[in-house]
Amino acid sequence: MAKKGGKPSLLPLVPDDIEVHVPLQALLLADSFTTKFRPITLEKPKVLLPLVNVPLIDYTLEWLASAGVEECFVFCCAHAAQVTSHLTKAKWRSQPNFAVTPIESHDCVSAGDALRLIEQRGVIRGDFVLVSGDTVSNMSLKEVVKEHQERRKKDKLAVMTMVVKRAKPSPSTYQTRLGNDELLLAIDPQSKQLLHYDPGRESGGRDNHQHQSNQRHVKLERSALNDRPSVQLCTNLQDCHIDICSPEVLTLFTDNFDYQQIRRDFVRGLLSDEIMGNKIFTYEIGREYAARVENLRAYDVVSQDVIHRWTYPMVPDIPFGADTSGMRFERCNVYKATGISLSRTSTVGENSVVGQGTEIGEGTSIRRSVIGRGCRIGKNVSIEGCHIWDNVTIEDDAQLKYSIVCDGAAVKAGAILKPGVVLSFKVVIGPKFIVPAYSKISMMPQPTEEDSSDEELEYADAASGRAESPRSPFLEDGDSRNGSAAEDEEEVDESGNWDPDEVGETGAGYRWSIRDGTQEEDWRHSVAPIPAEKIRELVAAEEEGETEEADNDIGAAARDTPAGPGVEDEEELSGDEDDDFEKEVEGTFLRLAEGVSGVQQEHVVIEVNSLKLAYNKTFADCAGAMFKALMSLALGLPYTSAKELLANTKDVVIKWGSLLQKFLKGSDDEHEILLTFEEVCLESHKEFAPLFSQILQEMYDKDIISEDAIMAWAKEKQDADDNDKVFVKQSEPFIQWLKEAPEEDDDDEDE
Amino acid sequence: MVAAMPDCQASVDDFVTKLRRRQVEGSQNTAKQTAELLRLVISNQRLPNVGQAAVLIDVVKTVGLRMIAANPIELAVGNIVRRILHIIREEDVSLTSPAVPGVSVESDDDESDTKSSYSAAAVAAANRSALRAPSLHNLLESIPDPVKAPEAPAASVADSESRSRSGDRNSVSWKLKHNVIEGISELLQDLENYHSQVAEQAIEHIHQNEVILTLGRSRSLLQFLLEAKKKRSFQVVIAEGAPKYQGHILSKELAEKGLQTTVITDSAIFAMISRVNMVIVGAHAVMANGGVLAPVGMHMVALAARRHAVPFVVLAGVHKLCPQYPHNPYTLLNDMKSPAEIVDFGELSDCLDVGTGGQSTYVVNPTFDYIPPELVSLFITDTGGHNPSYVYRLIAEYYSPEDYVLQ
């Protein structure tokens, strides 16, 4: 049965491939390791949540199977039992040319852990496709896998190929479509190698809230620009979270045991690690569809994409996975299952899906919504933009807007759901109760421990909760509603003790309070349309950012130019970082000069050396900064006349000359000091200007600056502008003297 | 219901999955694969001593319904299933009736002595070939004359039959299966040859210095034009056939063979039609009323042709002949493909139905057009040219009325 599916053979009778055939393997992570779908995911794993009435994982598996993957390992963590039982029930485990093997684990808290476990199992034998169980795609894997393998043959270090998709780079697209920030990628346009990956605010997890998206700096490794005629910075690409990986990826995860997330840790780690030299490449898909359901907004958008048939052939009227019934497709993207009962006066508007066995009462109107199987919808109900799952009861005159209503929930007569509401499994909303926007109501109380790290996972709480959740789509077990949900929870006694302020009279469920920091996320990651003012804000912020970006570009460019240590305008163009460095050096030096107890000269040297590494500077920079510090120290001493200042300076130079010398490793560095000195005299401390030649001479006497450096400096300045030559002219006699008395002893000159 | 043998079950599953994933394309290809699969199913089916035909029909129906459900829009699957059911029924009648002397069709050996085996299907095929020139004389001649050879032994058929001589009952049981399989092979042969069969008639239709207009690309069309090219010189105007732009491919293929071609956009059809002598197009399916399902844009071509009184000729193999009537062709008989074929997702992603809640862009990509029979001048099938009004007769020829609606 190891026959390749892609071959257009007439009948798969005789598998006569003689050459060794390596099956294409896929690794599917059936756990997102995030909490974005809470409270729903407390009871059901995210991959089993229905997207247009079909569990998410079925989309992924169907795609993998039809794209020619022959072996698929499903890594389950949270609610593993539910996932495996689904795989069996949906017949995924009995497919002829597509072997699905679940791998269960209970102690993984991140994708990194999962990959390390897979590596231990040793099931991956060759290149594999790494996807998450919430990927919806119809792309063909053949080309990308082939491209990856061919690249591997030439370059063993090309360990991963990342699939990206072009999207319109509109200011609000990212936000409105997938609830993400703009993704910034740097790509070599020729080799398609990925050089930089910046997912915006998502990058640092939740703590990075203050990080304003319009203040983005792109920092590229200098090495990224070497040997490359051009580098593309793209903001119009979406990351599809589909990766073609070599087995080395697993090894890398094992070696770097602190890698948690694939994007944040692994990809960025790999890109910044130049020693190993592993490379990531990108592959852009054109007309095919690929998206990942990362949050509720993406859930809504991808649902609509499925209804609009972008994911063809994975559309509601073509049955796949567990679903075998199929639907009837009508004009304006309306899908109706067989055996539904629609009353004459009800309307099912465009872009809607109505599942099997659902009853819809008189005068009810449904727009842009997905209704699951076996729902009872009463009279004069209005439903717009909602996702209603299986066996939901909605009584007369209820109004639902842009909400998610999970299996078995009930909305009593006249209740109103405002946009963005999430009703988890079996919640009941009392009659005429108005649920405020963005509320999340669940039968499970909100977990009390505040664990806001993003390694937190669905599974952590589920382990203490029920392993089994309501799975039977056609069974109404409303009776067990209160009991089962409340069983293990501490503060809840038996049924009926729900707060009427949260769910209304006769309602059932806990309203989850909004935590700090999630307030802002509410509109961002919900199914409700983004409020118009937020979009305006976004667009405005983006435009602001653009103008700012233009300024930053110069700075970034200058920093990235491979500037040798002799280029004089380096200092002027470099941004804040140089200032920081200089301040740090000065501070360090002043601590020594002011005699802070315990600070020795050696300490300063060590400290400055570490600063040099931290800021990625050269010795010349250190020397320059140190020299500036000396000068400001000299200036800091009280003086009345120029003469006194000169004396002060001389003292300082005499006293700390040896320290300065520690950073002078060659005449280039001394040259740098001269340039710095010039700069100091011209800009910051004009007081030194008339004393330039004297101080220069002093430094020469103290062996800080060699004759060679001075000559080189003088020579360089010969062709410069007149105003650049001021100091050369000033020191003309001194230079003259140096020239005339070559190789004479330095001991006994005084002038 | 009798389950098929497990080993062919796997290949059935495989084919059904492929159909469902839309990985089998082209009606000829689909038809061929369907016929081959059903042949396999039948040959693997163990038959009881009595009621064999019923068992076979049952099995074929079961498998067939699954295949039809997997891709209801690919009508060729259903057509082939019905054709095979028809073959089984015919064979059954021919085998069970020898009790009545002189009715046996197998005894008909006056038509050609070279044929070693006369199954009912073979005779039916002979009848069909007679349709090419449907004259009264031919029709009468080719009907097997039962009176002529009344006593011919039924066992004269084949060498292979001697193998199962063990019992009379057994031989009959074996024979039904054998004949059905032979009939299916014959059908496959027809499918294989249909392009050339259609192409053979090209010279009768295309004349010197004519201008032919077509849209999109189809294999039979290509062969048809190339066949005519051997004897005539003419021009072809090709509408590109958005969104698949298969017209571009066709124009290349024709240009390689030295045929004068002009490529136009679909929207230029009305502008060009007045210069055209004939429109020749391929079809996806021909419905029972003579209506045609063809690649999208074809209705426009048909209307343009009618407006300018240009003959609209449709090339269609008999396997595209469908015993169903087109109710609601827009949705039920159409495949709405991904909008990505029309427009790049990236170009539109900012104005799709996104989280703004406002109005947004929809893109619809239907695959087929339905052309009503009034607009069709002529069908050229592998059995000759026919009027749309004659389609009902062809259907009666190839399908049993019991199978029009499968369930």
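In what follows, every chain begins at residue 1, and chains take the letters A, B, ... in the order their sequences are listed. Source: prediction; values computed, not measured.
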task: Check each atom of B:Arg22 against the heavy atoms of chain A and say whether the ones under 4.5 Å are side chain, backbone, both or neither.
output: side chain

- prompt: Which region of B:Val24, side chain (C-beta onward) or backbone (N, CA, C, O), has a non-hydrogen atom less than 4.5 Å from a non-hydrogen atom of chain A, or is it both or neither?
  reply: neither

- prompt: Is the shortest heavy-atom distance from the side chain of A:Ile318 to the side chain of B:Arg20 under 4.5 Å?
  reply: yes

message: Can you tell me which of A:Met314, A:Glu62, A:Glu288 forms the most heavy-atom pairs within a distance under 4.5 Å of chain B?
response: A:Glu62

message: Salt bridge or not between A:Arg309 and B:Glu341? Use side-chain N to carboxylate O under 4.0 Å.
response: no

To the nearest 0.5 Å, what is the distance between [atom1] ([X]) and [atom2] ([Y])?
{"X": "B:Ile342", "Y": "A:Arg287", "atom1": "CD1", "atom2": "CZ", "answer": "9.0 Å"}
{"X": "A:Phe329", "Y": "B:Asn334", "atom1": "CZ", "atom2": "CG", "answer": "9.0 Å"}
{"X": "A:Asn97", "Y": "B:Asp13", "atom1": "CG", "atom2": "CG", "answer": "10.0 Å"}

field: Exercise: identify the closest heavy-atom pair between B:Ser338 and A:Trp310
entry: OG-O, 3.4 Å

query: Which heavy-atom pair separates A:Tyr312 from B:Lys337 by the least distance, and what is that distance?
result: OH-CE, 3.5 Å

- request: Mark yes or no for whether B:Arg21, through its side chain, and A:Pro313, through its backbone, hold a donor-acceptor pair below 3.5 Å.
  value: no

query: Excluding sequence neighbours, so at least two apart, what forms ring pair (Phe, Tyr, Trp, His ring centres under 6.0 Å) with B:Tyr325?
result: none

task: Would you check if there is a donor-acceptor pair between the side chains of A:Asn351 and B:Tyr362 at a distance under 3.5 Å?
output: yes

field: Residue list, side-chain contact (heavy atoms from CB on, under 4.5 Å) with A:Arg93, at least two apart or on another chain
entry: A:Leu87, A:Thr88, A:Pro102

